[in-house]
**Q** 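Below: one structure in structure tokens.
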Amino acid sequence: MLKQHLQFKLSQKLSPQQIQLMKLIQLPTQAFEQRLKQELEENPALESGKEETDVLDDMYEDTYDESDDNESIDTEEINIDDYLSDDEIPDYRTQANNYSADDEEKSVPYAAGISFTQYLLNQLNTVYLDDEEWAIAEFLVGSVDESGYIRRPLADIMDDLAFTQNIYAEEDKIKHVLKIVQDLDPPGVGARSLDECLIIQLKRKEQKPSIELAINILERSFEHFTKKHYSKLIQKHHVSEQELKDAISEIEKLNPKPGGSYSGSTRMIEHIVPDFSIKIVDGELELSLNGRNAPELHVSKEYSNMLEGYKNAKEKSKSQKDTVMFIKQKLDAAKWFIDAIRQRQQTLFITMSTIMEYQKEYFMTGDERKLRPMILKDIADKIDMDVSTVSRVANSKYVDTPYGTKLIKDFFSEAMKNEQGEDVSTREIKKILETVIRDEEKKKPLTDAKLAKILKEKGYPIARRTVAKYREQLDIPVARLRKEI
């Protein structure tokens with residue numbers, strides 16, 4: 001049986017200008033400044049600063065409203081290739097200017113200074129080693145990962161030395177050289193496990209009873225220590241609660257990732273520039289957009305003079321028409337960019353202003369329990385914009401408030417019903433959960449089931465698994481790992 005189907009598909013395509021505007025809206029302040037700098041460098045018709053005169057618009061219209069069909073320029077019809085030979089291509093046509101904001105410059109990141117491996121090898125140069133020991137030490141250093149550990153078994157290292165380096169060393173010899181590597185800085189480097197890393201660091205410290213007990217605990221009772229079975233540790237090591245507390249305090253001062261302390265010093269630190277600022281002035285909220293998002297731009301006066309020169313010319317050659325087409329393209333791009341920035345400013349301000357009013361009670365008090373349930377659609381409906389536009393503002397922008405600098409998307413949360421049937425923010429529940437855990441008795445931390453019971457008593461009937469999810473989102477460990485002496 002032959003079936004016929006008639007399918008209608010309605011699709012909407014955004015223009016390149018709309019896509020570029022969306023990308024501009026998404027950019028936070030620092031990235032926007034880079035985009036602005038790039039546009040100023042690439043478009044000579046666009047200039048920063050105040051405009052001295054405003055005659056360009058009339059000039060622009062006059063130039064392209066000429067009634068003489070022979071002299072008017074239609075960019076849709078002109079094909080510059082018809083007028084130019086291969087050796088007459090203007091400089092501007094050989095300059096690449098056809099990429100979008102998505103085409104990020106790709107470069108391989110690197111850390112300044114020497115590598116961690118080289119840092120360790122430089123230290124080995126100060127230690128007396130014979131040729132075989134040096135080769136083993138160099139191989140071991142090459143096996144140290146970015147956290148500072150050697151994760152591979154010595155048996156595997158012994159096999160690799162034989163097959164790749166033609167060095168046939170016994171495991172005892174490799175252990176001897178490994179001890180030399182473990183004497184290098186930073187303390188703990190070259191360890192094969194967390195407990196060995198911590199023990200190496202403790203043995204480098206000035207010995208005292210709390211240090212000796214800490215080493216003893218790590219060597220004999222590491223599992224009890226990681227599970228915080230303090231009563232078993234007191235019983236097994238015949239110590240008082242205070243002595244155990246002092247020993248654990250020494251362990252907590254150690255660095256579990258010795259390699260990270262070296263590489264971390266050369267990492268790039270991202271500085272956050274708030275895109276908005278909210279202040280309380282005379283009991284009212286006052287919103288301002290970071291001035292770096294509102295640059296003064298205008299179209300180049302020099303380019304308007306070029307158009308005027310063309311308009312007044314008695315004879316208009318094909319090369320002049322070629323030049324004017326280039327000028328028109330640059331002027332169009334400059335005018336569009338200036339307009340896009342204005343639209344960006346307006347979109348950012350109206351979106352943040354609506355969020356501020358929606359969460360007014362929070363911004364007036366700083367109490368996160370006052371945050372109302374709010375989703376992207378709530379704001380989009382109020383400002384009559386697309387949800388994706390609100391998302392672009394919220395996901396990448398920061399606001400400076402009297403209570404610190406906040407990521408705007410953090411003000412959004414789903415709603416849940418309390419016992420009275422009222423909508424409450426999941427952020428409010430998380431804040432209460434955080435407070436309950438902070439005030440718990442640390443010797444007997446609350447399980448997720450007990451936390452769920454307490455929240456229910458406070459009017460928030462949520463399941464134990466939901467409590468566990470919120471706790472994990474708050475980066476709070478399970479009760480067993482929160483236990484203290």
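One is the number of the first residue; the rest follow in order along the sequence.
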**Q** Can you see which heavy atom on Pro373 is nearest to which on Asp378, and at what distance?
**A** O-OD2, 4.2 Å
**Q** Any ion pair linking Arg204 and Asp185 (charged N to carboxylate O, less than 4.0 Å)?
**A** yes
**Q** Hey, are Lys208 and Glu250 close enough for a salt bridge, meaning a charged N less than 4.0 Å from a carboxylate O?
**A** yes
**Q** Specify the closest pair of heavy atoms between Ile432 and Lys458, including all atoms of both residues, with the distance to one decimal.
**A** CG2-CD, 3.8 Å
**Q** With a 4.0 Å cut-off on N to O distance, would you call Lys443 and Glu241 a salt bridge?
**A** yes
**Q** Can you name the closest pair of heavy atoms from Phe411 and Tyr362 and give their distance?
**A** CE2-CE2, 3.5 Å
**Q** Considering non-hydrogen atoms only, spot the tightest contact between Leu233 and Ser221 and give its length.
**A** CD2-CB, 3.5 Å
**Q** Can we call the ring centroids of Phe363 and Tyr358 under 6.0 Å apart?
**A** no
**Q** Mind running side chain to side chain contact (heavy atoms under 4.5 Å, CB included) on Tyr398 and Val273 for me, showing each step along the way?
**A** CA-CA 7 Å; Tyr398 288 83; Val273 176; over 6 Å; no
**Q** Within the 3.5 Å criterion, strictly below it, is a donor on Glu212 or Asn216 matched to an acceptor on the partner's side chain?
**A** no
**Q** Would you mind checking if Arg35 and Glu33 are paired as a salt bridge, meaning a charged N to carboxylate O distance below 4.0 Å?
**A** no
**Q** Side chains of Ser300 and Glu47: any donor to acceptor distance under 3.5 Å?
**A** yes
**Q** Run the salt bridge (Lys or Arg N to Asp or Glu O under 4.0 Å) check on Glu440 and Lys442 step by step: do they pass?
**A** CA-CA 6 Å; Glu440 71 185 357; Lys442 297 306 178 185; 3.6 Å; yes
**Q** Please name the residue in the list His224, His229, Glu223 that meets the side chain to side chain donor-acceptor pair (under 3.5 Å) test with Lys227.
**A** Glu223
**Q** Tell me the closest heavy-atom pair linking Gly190 and Ile150, and the distance in Å.
**A** O-CD1, 3.9 Å
**Q** Mind jotting down which residue pairs meet the salt bridge (Lys or Arg N to Asp or Glu O under 4.0 Å) criterion with at least one end in residues 117-135? Sequence neighbours excluded, please.
**A** Glu132-Lys173
